[in-house]
Amino acid sequence: MQDYLQGLNAQQREAVLHRDGPLMIVAGAGSGKTKVLTTRIAHLMATGVDAFNILALTFTNKAAKEMKERIEKVLQNSEARNLYIGTFHSVFARILRGEAHRIGYPNDFTIYDTDDTKSVIKTVVNELNLDDKHYKPAAVYNRISGAKNALVGPVEYANDYAIQQEDMRTNRPAIAQIYDAYVKRCYKNGAMDFDDLLLKFYELLKNVPESLSKYQRKFKYILVDEYQDTNPAQYEVIKLLGAMHENVCVVGDDAQSIYSFRGATIENILQFQKDYEDAKVVKLEQNYRSSKSILDVANEVIKNNKGQIPKNLWTEKGEGEKIKLVRLNTDNDEGKYVADTIQEQKLRNHYNNRDFAILYRTNAQSRAFEESLRRMGIPYTMFGGLSFYSRKEIKDYVAYLRVIVNPRDEEALKRIINYPVRGIGKTTIDKTVLVANQNNISMWEVLERAREVGFKAGTLEAIENFVVMIKSFASMLQSKNAYDVAVHVGKQTNFVKELFNDKSTEGVQRYENVQELLNSIKEWTESPDTEEGEVNDKGLGSYLQQITLLTDADEKDPNADTVKLMSIHAAKGLEFGCVFAAGLEEMLFPNALSINSREELEEERRLFYVVITRAKERLWISYANTRYRFGNLVQNEPSRFLEELPEQYVDRSFAGGGMRNQGIGNRSAYDRMNGGGWGGGQSANQAEKRYGPPPSKKASTPTSTTPSYISPKPQNKPVEHVPSADFVASDVSNLQVGQRVEHQKFGFGEVVKMEGSAHNPIATVKFELNGEKKIMLNYARLRIIE
DNA sequence: GATATCGGGATTTTT
DNA sequence: TCCCGATATC
Ligand SMILES: Nc1ncnc2c1ncn2[C@@H]1O[C@H](COP(=O)(O)OP(=O)(O)OP(=O)(O)O)[C@@H](O)[C@H]1O
């Protein structure tokens with residue numbers, strides 16, 4: 001038997017050895033899912049499957065890299081570099097780079113990041129004479145993104161009653177129009193946003209049979225990690241790709257589904273078994289990561305969610321340390337407490353910096369921890385900040401390169417057309433855009449034909465110089481490599497010199513960053529050849545596509561001996577000896593924006609489950625009475641999740657005097673009062689004054705009332721049907737023909753037909769007042785009456 | 001057309 | 001508190 005099989009238990013081995021046919025592994029945290037996936041790939045390769053025929057999809061680039069390295073280690077060769085392994089986005093982008101021309105995009109298409117995307121939306125909103133204060137680009141994009149991830153196009157979006165009603169409710173009826181214009185604009189710009197990478201790849205497979213069969217044949221084995229966080233678009237792509245061989249292996253944990261805001265749905269787990277009726281399902285139940293205390297606490301917490309797939313996670317490990325629940329006075333105290341404790345643990349229990357992680361709900365919480373760690377001289381790495389490539393000076397530089405590769409990239413063009421200043425100001429740009437829109441040509445083309453437009457002489461000259469310059473860069477790219485061109489661009493445009501002349505500290509830093517960018521391009525240019533069949537792999541175009549998909553996490557060394565700071569989302573899949581789960585406060589965690597439905601609240605709870613299960617040996621859970629928010633001191637009550645911690649594994653006394661210690665049902669809302677007596681000596685000098693009554697009374701059942709701090713939503717205009725007073729949307733995932741339902745606007749009716757895909761089910765309902773209507777269940781709110 | 005200053009909005013999570 | 005973008009002013 002191969003060595004790598006030795007370290008596996010029976011179920012794990014079964015999953016690894018299962019060769020052909022669909023396979024699903026559903027298992028709790030720390031049960032070795034990722035390990036199984038990795039070993040399975042190694043095993044396939046070791047037993048004759050060519051790496052070129054394996055597609056592995058991970059959640060982050062980091063995870064992909066790690067998996068690749070582990071496989072190399074197991075197999076003792078470098079075959080793993082021939083695997084197609086990466087995030088959905090990066091793998092699909094890579095394929096589209098060879099195929100995009102078949103669906104009307106240039107292969108050198110630009111990938112728009114969130115900033116570009118929001119900027120395009122803003123442009124489009126203004127062009128439609130709408131107010132971008134009301135149609136906030138971020139909000140509009142959320143809506144569009146949601147639609148794309150559910151495979152709902154602009155036409156369907158505009159024609160769907162429920163979607164429209166929702167947009168009416170939020171008083172943004174024009175989103176459909178914006179969506180349509182946005183899609184057209186991206187297409188015109190030769191650009192895809194993040195969601196398009198999934199959507200366009202799906203369309204390619206759906207509409208171009210040659211491409212479909214090419215990749216179906218290529219990918220004999222498909223493996224997907226973190227399956228619970230895939231969205232419908234991803235689901236459909238996997239289904240198409242896997243249809244020929246059906247060697248699809250998915251691995252996930254419904255209890256760790258935390259990306260619904262990105263369109264992820266655990267429906268995909270259920271649907272998998274429906275689509276592949278002969279799918280083998282393997283459960284892994286032994287947890288190898290956490291102490292018994294930690295595991296039991298996690299199991300206990302997640303029990304508060306309804307409808308989890310039942311799992312029986314157990315461990316051979318001993319109880320270990322109790323969980324420490326710590327209350328602090330302020331966010332700064334929390335930071336200080338954590339830093340102090342890390343220091344103490346390092347001394348007392350000989351931990352290294354890398355054994356600690358500080359995890360929080362929102363990135364904004366990082367500050368207090370950074371400050372206190374810095375003061376104590378403890379090295380740390382913070383994830384979730386700006387990516388290197390999203391720094392301004394880098395984006396500016398990159399914008400030049402983008403325009404060279406794809407002159408239709410309007411966002412990049414606008415960014416650099418007058419930077420460094422060359423006398424092409426706002427007036428000129430506005431005019432250019434206007435002419436472009438009137439003639440339905442690109443901005444670039446207008447610049448090329450500036451003579452025909454009638455600019456002032458000086459302006460015209462500036463434009464023509466600019467055009468000539470960009471063209472010379474583009475033609476240089478024909479004969480020179482990406483690095484040489486990039487250096488040349490920096491010189492010719494005066495861009496680098498201008499930065500060099502700025503001797504302020506930030507200026508020097510910016511200059512260094514630009515040098516760093518050039519280094520990275522050089523590395524790219526000189527990187528060893530990858531595979532067959534790739535288009536211009538080391539060119540500027542693929543470099544640009546690739547860096548857009550990098551996050552700051554990909555730039556930092558996860559193995560460095562530093563304390564790690566990151567959001568809980570970013571910590572998915574990772575493990576640490578000691579974990580600090582910070583900011584367990586109402587409004588923050590669960591977040592104020594996620595307590596308006598059971599679904600949202602349960603996702604917050606899953607997030608809590610995720611953070612608990614990151615810990616191997618020790619876990620601290622902390623919360624503060626007050627913290628700064630936008631410079632104002634706010635008070636928060638302890639998180640409702642704290643009430644769910646089983647008392648026997650929790651050490652509250654650690655938090656110092658004044659704490660109650662009363663069993664599980666103890667309502668932590670009452671936990672506040674008297675400010676005195678915090679433990680750990682952090683409380684030297686706080687202002688103990690403001691302990692007024694709590695800001696809102698806490699409802700013990702989260703669904704029943706709308707908390708007073710949520711402002712009431714504007715009500716709909718009068719409708720034909722007045723909804724029942726007790727109208728609540730039902731779970732319609734199992735809606736059947738014949739059931740009686742109530743719709744808020746259409747009134748009562750009976751389901752007469754079910755159709756549509758699994759991800760986009762459509763019910764035809766015959767309403768007493770309004771006749772037959774097609775209702776998209778993903779969006780509509782229906783109450784099932786019987 | 002370029003630059004300085006002021007004010008408002010931001011924080012949920014990410015590819 | 002900080003950052004960006006709109007506006008006023010040169
Ligand atoms: N059979 C085994 N024997 C010993 N250790 C194991 C075994 N299987 C897994 N482990 C260890 O358990 C830990 C968790 O494994 P892994 O990260 O693969 O779990 P996971 O199920 O993917 O977790 P999560 O759901 O949190 O992502 C790792 O440190 C891994 O090395």
Side-chain angles (χ1 to χ4, degrees), chain A residues 57-64 86-93 111-115 117-119 122 126 132-133 136-139 141-142 145 148-149 192-199 226 229-231 233-234 257-264 331 359-368 383-387 389-390 392 417-430 456 458-459 462 545-554 566-572 583 587-596 600 603-604 606-608 610-611 627-634:
Chain A
L57 297 164
T58 59
F59 198 72
T60 61
N61 294 305
K62 194 170 55 176
T87 61
F88 281 87
H89 292 86
S90 66
V91 167
F92 294 176
I111 299 174
Y112 277 166
D113 66 13
T114 320
D115 286 343
T117 298
K118 281 190 282 193
S119 165
K122 189 171 174 182
N126 289 329
D132 60 35
K133 292 254 160 46
K136 292 202 200 86
Y141 182 60
N142 273 343
S145 178
K148 284 187 176 182
N149 285 140
M192 299 194 197
D193 65 22
F194 286 140
D195 305 317
D196 284 334
L197 295 174
L198 311 179
L199 192 62
E226 307 284 9
D229 280 320
T230 52
N231 63 37
Q234 292 166 327
S257 172
I258 54 176
Y259 278 90
S260 70
F261 69 92
R262 226 167 80 180
D331 47 354
L359 308 177
Y360 33 74
R361 174 72 238 268
T362 66
N363 286 311
Q365 288 166 256
S366 67
R367 197 172 183 172
F383 296 83
L386 273 194
S387 148
Y389 297 97
S390 38
K392 183 183 174 304
I417 191 166
N418 200 32
Y419 183 76
V421 284
R422 55 171 67 85
I424 307 178
K426 189 167 183 312
T427 320
T428 310
I429 296 174
D430 287 349
K456 281 194 307 202
T459 308
Q545 290 178 349
Q546 177 244 349
I547 60 171
T548 313
L549 298 175
L550 289 180
T551 64
D552 76 315
D554 302 315
M566 64 185 95
S567 70
I568 299 170
H569 283 91
K572 186 163 83 144
M587 312 298 281
L588 195 58
F589 192 8
N591 195 272
L593 297 171
S594 303
I595 51 176
N596 296 312
E600 287 174 347
E603 180 148 322
E604 295 288 299
R606 290 195 291 271
L607 212 40
F608 191 38
V610 169
V611 70
R627 67 174 63 237
Y628 279 93
R629 189 164 179 262
F630 304 141
N632 297 319
L633 200 61
V634 296

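Every chain is numbered from 1, with letters handed out A, B, ... down the list of sequences.
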When every nucleotide of nucleotides 5-10 of chain C is labelled 5' to 3' by its protein contacts under 4.0 Å (heavy atoms), B for base, S for sugar-phosphate only, - for none, what sequence of letters results? -S----

Hey, is the side chain of [X] poking within less than 4.0 Å of OP1 or OP2 on [N], counting only N and O atoms?
X	N	answer
A/Arg367	C/dC2	yes
A/Asn149	B/dT15	no
A/Ser567	B/dT14	yes
A/Thr87	B/dT15	no
A/Asn418	B/dA2	yes
A/Asn591	B/dT11	no

Taking for each residue the nucleotide of DNA chain B with the nearest heavy atom, is it A/Asp195 or A/Lys456 whose nucleotide lies nearer the 5' end? A/Lys456

Nearest-nucleotide 5' precedence on DNA chain B, A/Thr60 against A/Leu593: A/Leu593

Residue pair A/Thr87 / A/Ser90, side-chain donor-acceptor N/O under 3.5 Å: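 On atom types as modelled, these side chains qualify, holding a pair under 3.5 Å.
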
For A/Ser145 and A/Asn142, test the side chains for any donor-to-acceptor distance below 3.5 angstrom and give the result as yes or no. no

Steps toward salt bridge (Lys or Arg N to Asp or Glu O under 4.0 Å) verdict (A/Asp229, A/Lys572): CA-CA 11 Å; A/Asp229 280 320; A/Lys572 186 163 83 144; 2.5 Å; yes

Near-ring test A/Tyr259/A/Phe59, centroid separation under 6.0 angstrom: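 Judged by ring-centre distance (under 6.0 Å), A/Phe59 and A/Tyr259 do meet the cut-off.
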
Look at the side chain of A/Arg262 and the base of B/dT13, then say whether one donor and one acceptor between them are separated by less than 3.5 Å. no

Regarding A/Lys426 and A/Asp430, does a basic nitrogen lie under 4.0 Å from an acidic carboxylate oxygen?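 Between A/Asp430 and A/Lys426 there is a salt bridge, with a charged N closer than 4.0 Å to a carboxylate O.
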
Would you please name every residue forming a salt bridge (charged side-chain N to carboxylate O under 4.0 Å, His left out) with A/Glu600, sequence neighbours left out?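 Residues passing salt bridge (charged side-chain N to carboxylate O under 4.0 Å, His left out) with A/Glu600: none at all.
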
Nearest heavy-atom neighbours spanning A/Phe88 and A/Leu57: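 Nearest heavy atoms, A/Phe88 then A/Leu57: CE2-CD1, 3.5 Å.
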
NA contact type, A/Tyr259, heavy-atom cut-off 4.0 Å: base, sugar-phosphate, or nothing?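 Sugar-phosphate: the residue A/Tyr259, judged by heavy atoms under 4.0 Å, touches backbone atoms but no base.
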
Using a 4.0 Å heavy-atom cut-off, does A/Gly423 contact any base of the nucleic acid, only the sugar-phosphate backbone, or nothing at all?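 If one applies the 4.0 Å heavy-atom cut-off, A/Gly423 turns out to touch the sugar-phosphate alone, with no base involved.
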
